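Structure, as structure tokens:
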2 protein chains.
Amino acid sequence: MYSQIAFPPSHYADRTARTDISKSFPPSIIEDTQLHQLVVFAPNAEIYAQGEPTSSLYQVEFGTVRIYRLLADGRRQITAFHVAGEFFGFEADDAHHFFAEAVDRCGIRICQRPLDKGLASELLPIALDALVRAQKHLLVIGRQCAGERVAAFLIDMMERQGDMRHVELAMSRTDIADYLGLTIETVSRAFTKFRERGYIRLKSARTIDIVDVDALRILCA
Amino acid sequence: MYSQIAFPPSHYADRTARTDISKSFPPSIIEDTQLHQLVVFAPNAEIYAQGEPTSSLYQVEFGTVRIYRLLADGRRQITAFHVAGEFFGFEADDAHHFFAEAVDRCGIRICQRPLDKGLASELLPIALDALVRAQKHLLVIGRQCAGERVAAFLIDMMERQGDMRHVELAMSRTDIADYLGLTIETVSRAFTKFRERGYIRLKSARTIDIVDVDALRILCA
DNA sequence: CGCATCTTTGATAAGTCTCAATAATCGTGG
DNA sequence: CCACGATTATTGAGACTTATCAAAGATGCG
């Protein structure tokens, strides 16, 4: 009798292992005052690791950051990408619950302000916004099929870049797959399908012209 | 040529439609002061709807609450369950982004405190905790298979009920499925598998004895 | 006790993953 | 500037997991 219920796959480590940062340069500190540092990270450099003590609030100056968690066997879920202007890295207790890495070369403002009531009231709307984003992403991952997920991702990136006719993706197909709970092959096939249907044009794998925004919007409901 | 990429299914409305609350009783107000109301909701009663103006902070006194979002075709994703003591319903802007419903009969303390700096510093850790929970759930839904998801759900419910040998589930298989991004059939088969393997005993569909916690823990990594 | 609802089980279909190979791109050094 | 190797992306075929459809069984409420 075949029960139809699968149990954990043997391993995934080859496909979604944590980025090897051995080749990346150490971050360089550009500015340094009592409360602020502007630090530049090379592509794939680690900003902080899960379990590290929380010390700071981070703000993206330029570039893109990925926040993720891992399973013991190497399966990875990227929970968020952050772009210029956005905050991340604040936690309720004294240890980071996630990893943060630079996707491309990026500048991060690291802020050491003590968590007083003033900061709390500034942080609360940011935290609530992050919560809404995460919960909306749960709907995408939990209830939408591959094509819908990729469409939702493209729409989101377009809106964050403020241009509904063109998108520049900082991240690889692997990052997109780990953000959407898919494999790189499935993500790639969705892009191909969009191209075949005339929704997008791929100037290169990461440089995309949007031909039919409405089609993408309808797709992700 | 078959592209391997699926597009949205025709409809799901029959399976995961929003709960029909036409039969439920109006909520009854038990206590009422300037800042506090204790309101009792019947099973499946709506606490607030997506789009409604936010007015309050909610705390569960007893019972279980589900928070969810819908797609246009009725697909539903439950983003969180809340049990006694937990807060929910605070939002960054002036409209609710989600629906909240009573799973079983439950008492909700509705609080009208103005959002000042004092409240913000109380709320921030709660919001951050909710954010961490949502992001951890993203990993479960995005990267774990059916058996792992159900195991993770059981472990979570056990820990929240403070008893590692027994769980009482307030919610139906439909709710569990919509929380885990599965179908009720798949959830049911996972329970059956756990029973066959001797991990759990089902006294009824919602009354569960845990025989082998470690097996469940290992399963969800 | 009976009916509606919820849950389980089975058979089949559909969607995504896996494995494999090819193609394109990027960075580096000649 | 081109050649080369390494990385990244695309495409194809087949396997596997979960969804769908259908029906039977259990549970709970009036």
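Quick caveat: nothing in here was measured; it's all calculated off a predicted structure. Letters A, B, ... mirror the listed sequences (proteins, then strands); counts begin at 1.
- Here the P atom of nucleotide dA21(C) and the CD1 atom of I184(A) are 16 Å apart, to the nearest Å.
- Comparing atom distances between the T183(A) side chain and each of dC17(C), dT10(D), dT8(C) picks out dC17(C) as nearest.
- No cation-pi contact links R76(A) to F99(A), judged by a cut-off of 6.0 Å to the six-membered ring centre and 45° from its axis.
- Atom-to-atom, CD of E148(B) to P of dT17(D) comes out at 11 Å; the value is rounded to the nearest Å.
- Between T192(A) and dT11(D) there is a side-chain polar atom (N or O) within less than 4.0 angstrom of OP1 or OP2.
- Between the CZ atom of R189(A) and the C1' atom of dG15(C) there is a distance of 11 Å, given to the nearest Å.
- Per the geometry, CG belonging to L182(A) stands 21 Å off P belonging to dC16(D), to the nearest Å.
- The NZ atom of K136(A) lies 12.0 Å from the OG1 atom of T79(B); values are rounded to the nearest 0.5 Å.
- Contact annotation for R195(B): backbone-only contact, meaning every heavy-atom pair under 4.0 Å involves sugar-phosphate atoms and none involves a base.
- Here Y58(A) pairs with Y48(A), F88(A) under the ring-ring contact (aromatic ring centres under 6.0 Å, His included) rule; sequence neighbours left out.
- Rounded to a whole Å, the CG atom of N44(B) is 13 Å from the P atom of dC29(D).
- Contact annotation for R206(B): backbone-only contact, meaning every heavy-atom pair under 4.0 Å involves sugar-phosphate atoms and none involves a base.
- Using a 4.0 Å heavy-atom distance criterion, S172(B) is classed as a sugar-phosphate-only contact.
- Here the nucleotide nearest the side chain of E185(B), chosen from dC21(D), dT7(C), dT10(D), is dC21(D).
- At a threshold of 4.0 Å, the pair E86(A)-R133(A) does not count as salt-bridged, since none of the basic side-chain nitrogens sits closer than that to a carboxylate oxygen.
- Rounded to 10 degrees, the angle separating the terminal axes of the helix from dC1(C)-dG30(D) to dG30(C)-dC1(D) is 50°, with each axis obtained from five end pairs.
- Every residue two or more places apart in sequence or in another chain that forms a ring-ring contact (aromatic ring centres under 6.0 Å, His included) with F81(A) is listed here: Y179(A).
- Judged by closest nucleotide on DNA chain C, S204(B) is the one of S204(B) and S204(A) placed further toward the 5' end.
- Shown here is R105(B), whose CZ atom has no more than 12 heavy atoms of other residues, nucleotides or ligands within 6.0 Å.
- Rounded to whole Å, the distance from CG on D178(A) to C1' on dA9(D) is 15 Å.
- Per the geometry, NZ belonging to K193(A) stands 22 Å off P belonging to dA9(D), to the nearest Å.
- For R173(A), whose side chain is taken as the heavy atoms from C-beta onward, the closest listed nucleotide among dT20(D), dT8(C), dT10(D) is dT10(D).
- To the nearest angstrom, P of dA9(D) lies 8 Å from CD1 of I176(A).
- In this model, the phosphate group of dC17(C) is approached by a side-chain N or O of T186(A) to a distance below 4.0 Å at OP1 or OP2.
- At a threshold of 4.5 Å between non-hydrogen side-chain atoms, the residues F98(B) and V132(A) count as touching.
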